[in-house]
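For reference, the structure is listed below as structure tokens.
Below, each value reflects all heavy atoms present in this structure, side chains not excepted, and no hydrogens, waters or symmetry copies. Given the structure is predicted, the values throughout are model-derived calculations rather than measurements.
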Amino acid sequence: FLEELKKMNEDSATVCANDEDGRFAYAGFCLASAARTMMACGEPVTQLDATFFNDGAYKGRIMVLEAILPGKVQLPLGIIVHHGETKDAFKVLIDLVLTVDGVRAFLNSKEHCMITDRGTALIPAVAECLPAVAHQYCAMHLLLNVLEQSGSLFEPYFWKVVKAKTPQALDDAMAILKGNNPKAAEYLDKTDPTKWQLHHAAEAGVRKFKRTSSTCVEGENNRFGSLGLRAGSPLNALAGCLKVQAEVFTRLKHESAAIDNDEVLGPSAKKLFEQELEGARKCRAVATGEGEYIWHVTDAEEPHITRTIDLAEPWKRHGSCLVAHQEMRPCKHVLAAAVLCKDVHGVFVPGISEQKQFLAQVHHATYLASNFKRAMNSNCARLVDTELLRADGVTKPTVEYTKAERNKGKATKRHRSRGEDSLRRGEAVAAPAAPAAPAGAASAAPAAGPSPAPSPAPAPSPSRARTRSQR
């Protein structure tokens with residue numbers, strides 16, 4: 001199957017191995033077309049994670065390295081099925097992807113960000129295979145760790161800490177968190193903030209394109225579930241992942257065909273640009289006297305803040321606005337300065353006076369329609385005949401794992417909602433009292449005759465007997 005995959009999809013990489021006892025160990029592939037698409041129009045952000053599947057004989061992991069394409073589309077770049085979620089398993093996957101031409105230079109760079117959880121297998125694998133990459137930790141997994149350590153937490157307090165854009169905002173958010181849950185604050189203090197906190201990551205030069213968490217597993221679980229890949233032969237999982245890639249290419253090709261050839265920006269990037277341009281109309285730019293490309297910009301929504309914009313470096317960070325720095329596209333402050341610079345000096349940014357050239361200059365490659373269309377016109381995923389996936393009568397199946405072994409290190413403490421324990425015991429939760437009838441109001445009951453005995457109220461269902469706050 002893998003040999004046929006390489007014939008159908010040129011320059012792709014595959015791997016397949018048995019252990020020393022002749023039992024199946026792992027197999028996987030990386031499509032060259034997916035890698036070329038990532039390098040042509042993908043964000044400089046990838047995600048790496050693993051999910052499980054269970055067929056009764058082979059209890060292992062589906063491990064995926066994912067690229068992010070325009071419109072936040074997740075494209076599996078490389079996949080392997082492996083008997084366990086170990087450092088060596090992740091290294092097999094990363095090394096497999098790096099064998100495709102050009103990928104090593106693209107991924108192993110401080111300009112590239114890889115988001116993973118803090119698994120004891122993941123961190124050393126990424127460090128050994130991609131020593132230069134900006135490795136970031138998934139904030140959602142960090143939240144689960146905080147909950148496990150502190151017992152309970154009002155989540156908005158945590159996310160304010162994660163997304164704080166300035167030192168003052170971070171100090172304020174941490175003070176609130178510490179007052180609410182000292183253990184949670186203490187746990188976060190011991191975790192390197194440059195790996196998960198927005199302000200510190202930006203100061204370290206890391207660009208995450210608005211991503212705080214890895215959605216790799218959630219996205220692939222939905223896809224694998226819809227294709228019935230969570231059970232069955234591990235080789236069927238490989239065929240299914242190839243089908244997922246083919247479906248992504250098919251959908252993106254339709255989107256590409258709908259874009260006019262003279263468009264500079266893709267549909268999602270164009271919408272973002274229009275929003276920033278509308279905001280730029282509410283900004284006021286003035287010359288600083290320090291050079292023709294350096295301007296002071298004041299926003300009507302924040303009149304007390306003056307930002308210094310250097311049009312020679314449009315993606316440079318300026319205060320609490322991180323759009324240009326983190327997403328590598330012009331924010332409203334940059335656009336306000338560029339429009340006035342065009343009126344005064346005849347250029348938007350140094351050396352560029354034409355609008356289309358300006359748009360291409362101040363947007364990262366992932367936003368440009370020409371890159372997207374070129375990638376879709378020259379790349380695709382070709383399916384392979386699944387009839388090739390038959391038992392060879394020689395390879396032995398992997399040793400069956402027990403449930404405890406399969407879930408070792410994966411148990412996550414679940415924190416129940418308030419009142420859930422009493423509901424599980426079948427105890428009624430008091431319902432809000434009905435409002436009293438106003439004095440003098442007419443009764444709806446008949447004036448004469450005995451009143452019927454009230455029927456007993458039905459016992460509240462444990463799944464329904466919740467107050468509004470508990471729901």
Which distance, rounded to the nearest 0.5 Å, do you find between the [atom1] of [X] and the [atom2] of [Y]?
| X | Y | atom1 | atom2 | answer |
| --- | --- | --- | --- | --- |
| Ile68 | Cys216 | CD1 | SG | 8.0 Å |
| Thr306 | Arg284 | OG1 | CZ | 9.5 Å |
| Leu198 | Gln136 | CG | CD | 9.5 Å |
| Ser214 | Tyr137 | OG | OH | 14.0 Å |
| Asp95 | Phe90 | CG | CZ | 13.5 Å |
| Thr386 | Leu238 | OG1 | CG | 12.5 Å |

Ignoring hydrogens and angles, tell me if any N or O in the side chain of [X] forms a donor-acceptor pair with the backbone of [Y] under 3.5 Å.
| X | Y | value |
| --- | --- | --- |
| Ser213 | Cys138 | no |
| Thr191 | Tyr187 | yes |
| Thr288 | Ile294 | yes |
| Lys342 | Ser353 | yes |
| Glu302 | Ile305 | no |
| Gln245 | Leu383 | no |
| Lys373 | Ser256 | yes |
| Asn9 | Ala381 | no |
| Asp19 | Asp21 | yes |
| Glu313 | Lys316 | no |

Considering only heavy atoms from C-beta outward, does the side chain of [X] approach that of [Y] to under 4.5 Å?
| X | Y | value |
| --- | --- | --- |
| His363 | Phe273 | yes |
| Leu359 | Lys356 | no |
| Tyr293 | Val349 | no |
| Trp196 | Val162 | yes |
| Phe1 | Asp385 | no |
| Leu31 | Leu5 | yes |
| Trp295 | Val344 | yes |
| Cys283 | His333 | yes |

Within a radius of less than 6.0 Å around [atom1] of [X], do more than 12 heavy atoms belonging to other residues, nucleotides or ligands occur?
| X | atom1 | value |
| --- | --- | --- |
| Lys163 | NZ | no |
| Lys72 | NZ | yes |
| Arg118 | CZ | yes |
| Asn261 | CG | no |
| Lys253 | NZ | yes |

query: side-chain contact (heavy atoms from CB on, under 4.5 Å) between Leu368 and Leu265: does it pass, once the steps are laid out?
result: CA-CA 5 Å; Leu368 303 183; Leu265 303 177; 4.1 Å; yes
- prompt: Sequence neighbours excluded, which residues qualify as ring-ring contact (aromatic ring centres under 6.0 Å, His included) partners of His112?
  reply: Phe106
From Glu276, Glu301, Glu278, residue fulfilling salt bridge (Lys or Arg N to Asp or Glu O under 4.0 Å) relative to Lys332: Glu301
task: Applying side chain to side chain donor-acceptor pair (under 3.5 Å), run through Asn18 and Arg23 and close with a yes or a no.
output: CA-CA 5 Å; Asn18 293 343; Arg23 297 185 181 277; over 6 Å; no
task: Hey, can you tell me if Phe358 and Phe348 have their rings parallel, tilted or perpendicular (30° and 60° cut-offs)?
output: parallel
task: Please state whether the rings of Phe209 and His364 are parallel, tilted or perpendicular, taking 30° and 60° as the class boundaries.
output: perpendicular
query: Where is the tightest heavy-atom contact between Ala32 and Glu10, given as atom of each residue plus distance?
result: CB-O, 3.5 Å
Non-neighbouring partners of [X] that pass side-chain hydrogen bond (donor to acceptor under 3.5 Å, both in side chains), sequence neighbours left out:
| X | answer |
| --- | --- |
| Asp172 | Gln168 |
| Lys282 | none |
| Glu203 | Arg317 |
| Ser320 | Arg307 |

Derivation and outcome, side-chain contact (heavy atoms from CB on, under 4.5 Å), residues Trp159 and Thr212: CA-CA 10 Å; Trp159 291 111; Thr212 60; 3.9 Å; yes
Donor-acceptor side-chain pairing of [X] and [Y] below 3.5 angstrom:
| X | Y | answer |
| --- | --- | --- |
| Asp88 | Thr86 | no |
| Thr166 | His199 | no |
| Arg374 | Asn377 | no |
| Asn379 | Arg36 | yes |
| Thr46 | Glu66 | no |

- request: Please step through side-chain contact (heavy atoms from CB on, under 4.5 Å) for the pair Met114 and Leu65, ending with a clear verdict.
  value: CA-CA 10 Å; Met114 179 172 285; Leu65 178 60; 3.7 Å; yes
Pairs involving residues 121-145, ordered by first then second residue, that meet salt bridge (charged side-chain N to carboxylate O under 4.0 Å, His left out) (sequence neighbours left out): Lys87-Glu128, Lys91-Glu128
message: Does Val347 form a side-chain contact (heavy atoms from CB on, under 4.5 Å) with Leu311? I'd like the steps, not just the answer.
response: CA-CA 10 Å; Val347 293; Leu311 293 176; over 6 Å; no
query: Are the aromatic ring centres of Phe24 and His83 under 6.0 angstrom apart?
result: no
message: Salt bridge or not between Lys190 and Glu186? Use side-chain N to carboxylate O under 4.0 Å.
response: yes
- prompt: Would Glu327 and Arg329 pass as an ion pair if we require N to O under 4.0 Å?
  reply: yes
- prompt: Which residue, Leu130, Ile79, Leu77, forms the side-chain contact (heavy atoms from CB on, under 4.5 Å) with Val97?
  reply: Leu77
Asp49 and its side-chain contact (heavy atoms from CB on, under 4.5 Å) partner, picked from Thr116, Val64, Asp117: Asp117
